[in-house]
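Since the model is a prediction, treat every value here as computed from it, not as a measurement. Atoms considered below: every heavy atom in the structure, side chains included; atoms not considered: hydrogens, waters and symmetry mates.
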Amino acid sequence: MRQHDTLFIGGDWVAPAGTGTIDVVSPHTEEVVGRVPDGTPADMDRAVAAARQAFDQGPWPRMTMAERAAVVGRLAEIYAARQSEMAEIITLEMGSPITFSQMAQAPQPLGMLQYYAELGTSFPVEEERPGTFGPVTVRREPVGVVAAVVPWNVPQFVIMIKLAPALVAGCTVVVKPAPETPLDSYLLAEMVKEAGIPDGVVNIVAAGREAGEHLVSHPGVDKVAFTGSTAAGRRIAAICGEQLKRCTLELGGKSAAIILDDCDLPSAMGFLSIASLMNNGQACVAQTRILASRNRYDEVVDAVASMVRGMPVGDPADPATGIGPLVAKRQQERVQDYIRIGIDEGAKPVVGGLDRPYDRGWYVAPTVFAGATNEMRIAREEIFGPVLAVIPYEDEADAVRIANDNDYGLAGTVWTADTEHGMDIARQVRAGTYGVNLYMIESSSPFGGFKSSGLGRELGPEGLSAYLEYKSIARLG
């Protein structure tokens, strides 16, 4: 039982304004494994005030970018020493298989800290350009106070995709973790304090929707960085639009994996299992539409079915587990509803279905649908669980058309023996990130989506620029 009675505001552990608490429930045992204060609007006011003071009067935005990058580098060193502990906490609170937590949930945030610590040593803060009457200095300055609102599926990844560049840029931050997964953020707060980041630069308040909306709409916040559902993203965009507040939105996805006829299926399945079912299918970038030509359709269905059967379902703390439970009962019910919808629409579950693997825990049977079409709801809507639909295509042009025939445009992959031809396919699919024979999110490259998958980009130099304002200073002579 991990018990926390305070919030991290202004560089200190402070008592919450309210008496409400958040119970953290294990998705595997359905038992309470942690408890933290439930942040209120008053707590958000206090956190924003601390961040505002740290930005307006504190040393952080007045340090050079290289100086801030050195502090972020110290945070990375501390993070590296505790990443195993971070992986275990995330598996405990949200059910991510421990192998995935050790491979991605903790190492990827560390990699982002290391990347931005390095980038901050060379990123141009000022540059000179010729002007009509004299030189012009183009200067980059921190945007201000940032509200970082994050989901539960990859909590540290999504925090760090915002926090690392914001810190290097000189911003101050209020992080609102999801109520399902607040425990990892307390470990992060300990690291922030140990790294010597000035008081008020990082504030962390776990809370529900009401306090989150209060934070987003707070007049003391200059920018909102949000990852979550497209519906919530539209609401946040509306609030930011009314206030002319900067925002970055990384939203939903319904990505397509195009299997070309020359693909070596056995080798592809090893990588596709991660790309399509990582984190128990709870990933916005998951490749859940598998597109196969009619020439090899049955063969692809068999290969995908064998791949899923080979991923053991069970205790997420067991290194042998390939697929663990979903994060909450409501998520379990949502995914089971979609499986029913798929059956009602006429698709056939060749693996899985409605039978639950265990009586206890929020498990669903990993399911592969054959006979699916791109018009079905299971092919158009984000399910956020271990459900795959294998969809036939006539030729490569039809495969690209199907991949693009969706409201989302976050990610995608193509699987082929000809990498250059795969690149040709990649250039035709309207998605913000794409992979040829794999799927990776790289710290050095921009991440984000087309269409309803969001606004703006995170990671890479573009991710740092998202936390900077541009100022032009012209002078005579």
Side-chain angles (χ1 to χ4, degrees), residues 4-20 22 36-63 67-68 71-72 74-75 78 141-150 155-156 158-160 162-179 182-208 210-226 236 239-240 243 245-247 467-469:
H4 299 280
D5 301 317
T6 55
L7 304 170
F8 188 68
I9 297 176
D12 204 359
W13 299 103
V14 304
T19 59
I22 297 170
V36 305
D38 188 3
T40 66
D43 294 313
M44 292 302 181
D45 288 341
R46 187 173 179 181
V48 172
R52 189 81 261 166
Q53 169 139 357
F55 184 80
D56 293 339
Q57 302 174 30
W60 190 249
R62 292 155 189 86
M63 296 164 63
E67 289 171 335
R68 292 191 296 267
V71 178
V72 172
R74 285 202 299 273
L75 177 58
I78 295 166
E141 298 181 355
V143 72
V145 175
V146 174
V149 182
V150 302
Q156 281 293 300
V158 179
I159 288 175
M160 212 56 73
K162 301 162 179 31
L163 183 64
L167 289 178
V168 171
C171 298
T172 59
V173 185
V174 178
V175 178
K176 191 206 83 66
L183 299 178
D184 60 279
S185 67
Y186 279 84
L187 179 57
L188 175 62
E190 292 176 13
M191 300 182 201
V192 166
K193 197 164 179 64
E194 185 180 347
I197 294 175
D199 294 350
V201 173
V202 179
N203 309 271
I204 302 176
V205 180
E210 178 187 359
E213 185 159 326
H214 183 80
L215 173 63
V216 166
S217 60
H218 199 293
V221 169
D222 299 299
K223 174 184 170 72
V224 176
F226 171 76
I236 289 171
I239 293 171
C240 292
Q243 300 180 0
K245 184 178 294 184
R246 281 80 177 130
C247 68
Y467 293 91
L468 296 166
E469 293 278 22

Going through the distances and angles, do Leu188 and Leu163 end up as a side chain to side chain contact (heavy atoms under 4.5 Å, CB included)?
-> CA-CA 11 Å; Leu188 175 62; Leu163 183 64; 4.2 Å; yes

Check the pair Glu190 / Trp13 against side chain to side chain contact (heavy atoms under 4.5 Å, CB included), numbers first and verdict last.
-> CA-CA 10 Å; Glu190 292 176 13; Trp13 299 103; 4.1 Å; yes

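Judged by distance alone, with hydrogens and angles left aside, the side-chain atoms of Lys223 form no donor-acceptor pair with the main-chain N or O of Tyr467 at under 3.5 Å. Remark: side-chain polar atoms of Asn203 are paired, donor with acceptor, to backbone N or O of Val173 under 3.5 angstrom. A donor-acceptor pair is defined here as one N or O able to donate and one able to accept, closer than 3.5 Å; such a pair exists between the side chain of Arg62 and the backbone of Gly58. Without hydrogens or angle criteria, Arg246 side chain to Asp222 main chain gives no donor-acceptor distance under 3.5 Å. The backbone N or O of Gly11 sits less than 3.5 Å from a side-chain atom of Lys193, completing a donor-acceptor pair. A distance-only check finds a donor-acceptor pair linking the side chain of Lys245 to the backbone of His218 [under 3.5 Å]. With hydrogens and angles disregarded, no donor-acceptor distance shorter than 3.5 Å links the side chain of Gln243 to the backbone of Pro219.
Of all the heavy atoms in Leu215 and Lys176, the pair that sits closest is CD2-CB, 4.0 Å. The two residues Cys240 and Val224 have their closest heavy-atom pair at SG-CG2, 3.8 Å. Across all their heavy atoms, Val149 and Lys162 have their closest contact at O-CE, 4.2 Å. In plain terms, the two heavy atoms of Ala54 and Pro61 that are nearest each other are O-CD, 3.7 Å. Scanning both residues, Pro182 and Val36, for their nearest heavy atoms gives CG-CG2, 3.7 Å. Minimum heavy-atom separation, Ala207 to Pro179: O-CD, 3.3 Å.
Partners of Glu67 according to the side chain to side chain donor-acceptor pair (under 3.5 Å) rule, which considers only residues two or more places apart in sequence or in another chain, are Thr64.
Between atom CE of residue Met44 and atom OG of residue Ser217 there is a gap of 11.0 Å, rounded to the nearest 0.5 Å. In this structure, CZ in Arg46 is found 5.5 Å from CD1 in Ile9, a value given to the nearest 0.5 Å.
Val71 pairs with exactly one of Ile197, Val168, Val192 by the side chain to side chain contact (heavy atoms under 4.5 Å, CB included) rule, that one being Ile197.
At a threshold of 4.5 Å between non-hydrogen side-chain atoms, the residues Leu75 and Met191 count as touching. The closest side-chain heavy-atom distance from Thr6 to Val14 is not below 4.5 Å. Counting heavy atoms from C-beta outward, Ile204 and Pro177 have side chains that approach closer than 4.5 Å. No side-chain heavy atom of Asp199 sits under 4.5 Å from any side-chain heavy atom of Asp12. In this structure, Ile159 and Asp184 have side chains that are in contact, with non-hydrogen atoms separated by less than 4.5 Å. Residues Val221 and Val174 are not in side-chain contact: their nearest non-hydrogen atoms beyond the backbone lie 4.5 Å or more apart.
Heavy-atom neighbours of Gln53 CD from other residues, nucleotides or ligands within 6.0 Å: at or below the threshold of 12.
His4 and Tyr186 have parallel rings, their planes meeting at less than 30° on a 0 to 90° scale where 60° marks the start of perpendicular.
Between Asp45 and Arg52 there is no salt bridge, since no side-chain nitrogen of the basic residue lies less than 4.0 Å from a carboxylate oxygen of the acidic one.
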